[in-house]
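Since the structure is predicted, the reported quantities are computational estimates derived from the model, not experimental observations. When a ligand or atom number is given, it counts from 1 through the structure's own listing order.
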Amino acid sequence: MISTDEQRGLFWLDTPSTSYVLQIYETGHLILLYWGKRLPHEDIRYLYPCYGGAFCPNLFDAPNGYVCPDTLPLEYPTFGLGDYHEPAFYARNPAGDRLCDLRYAGCRLTDGVQTVPGMPHVRAAQAPAQTLELTLRDPRIGVTVRLYYTVFADSDVIARCAAVRYDGGETLVLHQAASAHLELPDGRFEAIRLPGAQCREREIERTPLGAGRLILDSRRGASSHQMNPFLALVRPKTGEETGDVYGFSLLYSGNFRICAEQDQFHMTRVQIGINPFDFAWRLRSGEEFWTPQAVMVYSGEGLGGMSREFHRLCRRRISPPAFARTHRPVVINNWEATYFDFDEEKLAALADACRELPLDLFVLDDGWFGHRDAGNSSLGDWTVHARKLPHGLEPVIRAFAENGLAFGLWVEPEMISPDSELYRRHPDLCLHVAGREPSLARSQLVLDLTREDVRTYLLETLTGLLKAYPIRYLKWDMNRPLSNVGSSAWPAEEQASLSHRYVLGLYSLLQTLTARFPHLFIEGCSGGGGRFDFGMLYYVPQIWTSDNSDAMSRLKIQYGTSLVYPPSTMAAHVSAVPNHQTGRITDFTVRGDVAACCCFGYELDPRALIPEEREAVCAQVERSRRIEPLVLEGDFYRLRSPFAGNDCSWMLVSPDKTRAVVLYAHVLSRVSEPADRLCLRGLDPEKRYRILPGGQVLSGAVLMAAGLIRPRFHGDFQTCFYELQEELANGESQF
Ligand code: DGJ
């Protein structure tokens with residue numbers, strides 16, 4: 001997988017279908033020669049034909065007097081010596097200058113994955129992995145940067161991170177240390193990103209890359225609704241199944257930045273890591289700083305190829321192994337059913353209404369603690385609401401248990417309400433700057449997770465709850481971004497490190513809690529999908545994809561999310577109509593079909609279900625259990641983009657290609673609709689599949705080349721859902 005060609009100074013990182021080839025240039029700088037389709041090992045040093053550029057300074061010791069750092073495809077560029085691109089490393093030296101010159105100082109090859117202290121990282125799995133450590137050093141200022149590359153025998157993803165060590169005497173202030181940086185040899189790219197907003201997460205936007213710097217980032221303290229930590233660079237003709245894609249993502253849940261820069265020679269540099277904006281980390285002599293881990297993939301098989309690589313990586317090497325590929329409880333959540341307006345009696349009635357519905361678990365959402373009757377109080381006081389639930393949680397848990405449902409609880413541990421006992425006793429526990437009133441959002445403040453005492457308080461409080469009650473499932477919410485990022489626990493010179501320390505604090509809390517309660521299932525949430533990233537997915541198997549539960553909106557949200565994250569990480573529920581977010585009315589079946597390929601559940605008042613809907617719930621849950629293996633392990637194919645037209649379609653195919661499910665959704669009704677065939681993907685052309693509903697048997701070859709004829713719909717917002725099962729030679733299928 002990884003080999004070194006010492007004579008030529010080359011490092012070959014080969015994955016099953018790709019090669020990533022680095023060279024120690026004659027000046028000692030590390031450069032990228034090639035990344036793309038897998039290559040035979042030949043002498044490819046010709047690929048960097050050293051050239052200079054007008055108005056580009058030359059390196060002082062260039063062998064022929066003529067090497068510009070600005071035109072070298074540097075793997076970890078620095079600042080100050082004549083490279084005008086975005087540096088991967090930028091720090092203020094004790095003398096006040098910011099110059100740094102990192103040159104190759106050694107390598108080490110190890111078996112296994114690279115871990116990152118205190119942060120999520122790709123996990124060891126069955127298939128082997130190897131890690132290459134490349135050391136770069138600037139002895140003048142005592143800086144050593146170790147670059148780590150992990151490759152896997154079963155994946156085209158490369159995981160990267162960097163560790164910065166300082167041995168220069170006085171303190172170095174680090175402002176920028178990329179997780180990964182690289183240069184691609186031309187500029188013929190389009191950039192695909194996932195911007196959004198609350199209730200409108202991860203919309204796909206594709207634009208020409210163009211000259212200059214494209215910055216995708218978050219400054220909100222969380223990865224954010226507004227921009228997901230993801231970028232794909234694609235060739236203009238790249239589609240779902242063909243064409244080159246370079247995809248990048250980060251195992252990090254805080255302020256990130258991705259920079260894609262096309263320079264004067266149309267070379268493209270890409271960089272991903274912690275956002276250098278408002279970031280400073282002081283390193284004393286002998287100290288190290290680790291970046292979060294980035295994951296990157298080249299696929300020659302279009303966006304679908306990239307997504308399936310990321311999906312497999314997430315399921316096998318990021319998600320918590322105990323839950324990644326095991327049964328997900330079908331939940332019913334009371335948020336949209338009651339909001340804050342519930343009490344013991346109402347919950348008992350909800351439990352009663354769940355009788356004979358084949359649901360697994362009830363989640364008691366916001367409002368069960370302190371004196372929380374609206375969104376403006378009690379966060380931090382995690383004791384049961386005495387008026388609403390005078391006998392504690394036990395009767396609620398019992399009522400649902402009697403109807404066959406386990407119990408889950410909503411918490412928002414990272415927050416504190418000014419109207420809370422905790423705040424009255426310890427107003428300094430929130431993020432704040434002394435002498436300045438902190439800004440409220442949803443009437444709440446953010447607890448200072450950079451403080452160990454705060455983390456200990458939260459750990460003990462959550463432990464108390466989890467020990468007191470049979471809670472199988474936590475919904476871990478976070479309903480505001482960070483602001484007033486200051487802490488009374490840290491000296492002035494550390495204040496610009498707090499956004500990162502907050503994320504480290506969160507990870508440490510999640511790590512300890514999940515180790516203490518290994519059977520606890522946690523669903524992530526941040527006002528829906530405001531922190532939907534590989535960092536969180538290291539600790540939680542699934543995330544509430546969006547607070548927008550409208551089926552037509554969900555087509556876009558789930559389709560966009562699938563670019564990076566597998567369906568097994570996306571929680572999707574059937575909710576009531578008119579939909580609470582959009583006011584739209586869609587059919588119960590349509591709502592079920594759109595949610596079916598994700599972690600399925602309900603977000604409605606079971607008392608309001610009419611008999612036909614109760615029957616539909618039974619059928620939907622039965623289907624969800626039937627198709628769950630595909631949701632957990634299947635390959636996902638996007639067939640029609642809701643961003644491109646009036647319909648949307650996706651499908652899941654089992655790894656052995658014996659089963660598949662297909663969703664087709666049609667948004668607005670049109671008269672005299674153009675004829676249309678829906679070509680499927682990912683099937684085995686040789687296999688024959690029985691298709692339900694209908695029972696027709698067709699080969700994979702026909703289904704993929706000629707396609708299905710989908711029904712003519714009458715009315716807006718329609719769906720059809722197909723299940724395909726291999727038909728064996730004896731005419732049997734396993735339906
Ligand atoms: C935001 C979540 O996304 C909702 O599902 C719900 O849990 C509310 N918070 C509760 O405050």
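Just one residue in the list Phe407, Phe323, Tyr539, Trp476 forms a ring pair (Phe, Tyr, Trp, His ring centres under 6.0 Å) with Phe521, and that residue is Phe323. Screening Phe600, Trp335, Trp544 for a ring pair (Phe, Tyr, Trp, His ring centres under 6.0 Å) involving His573 leaves a single residue, Trp544.
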Given His500 and Tyr252, is the ring pair (Phe, Tyr, Trp, His ring centres under 6.0 Å) satisfied, shown in steps? CA-CA 10 Å; His500 180 51; Tyr252 192 61; 5.6 Å; yes
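Partners of Arg220 by salt bridge (Lys or Arg N to Asp or Glu O under 4.0 Å), not counting sequence neighbours: none found. In this structure Glu344 satisfies the salt bridge (Lys or Arg N to Asp or Glu O under 4.0 Å) test with no other residue, sequence neighbours excluded. Residues forming a ring-ring contact (aromatic ring centres under 6.0 Å, His included) with Phe517 (at least two apart in sequence, or on another chain): none.
Listed by chain and number, Trp335, Asp365, Asp366, Trp410, Arg442, Lys475, Asp477, Asn479, Cys525, Gly527, Gly528, Trp544, Asp547 each place a non-hydrogen atom less than 4.0 angstrom from ligand 1.
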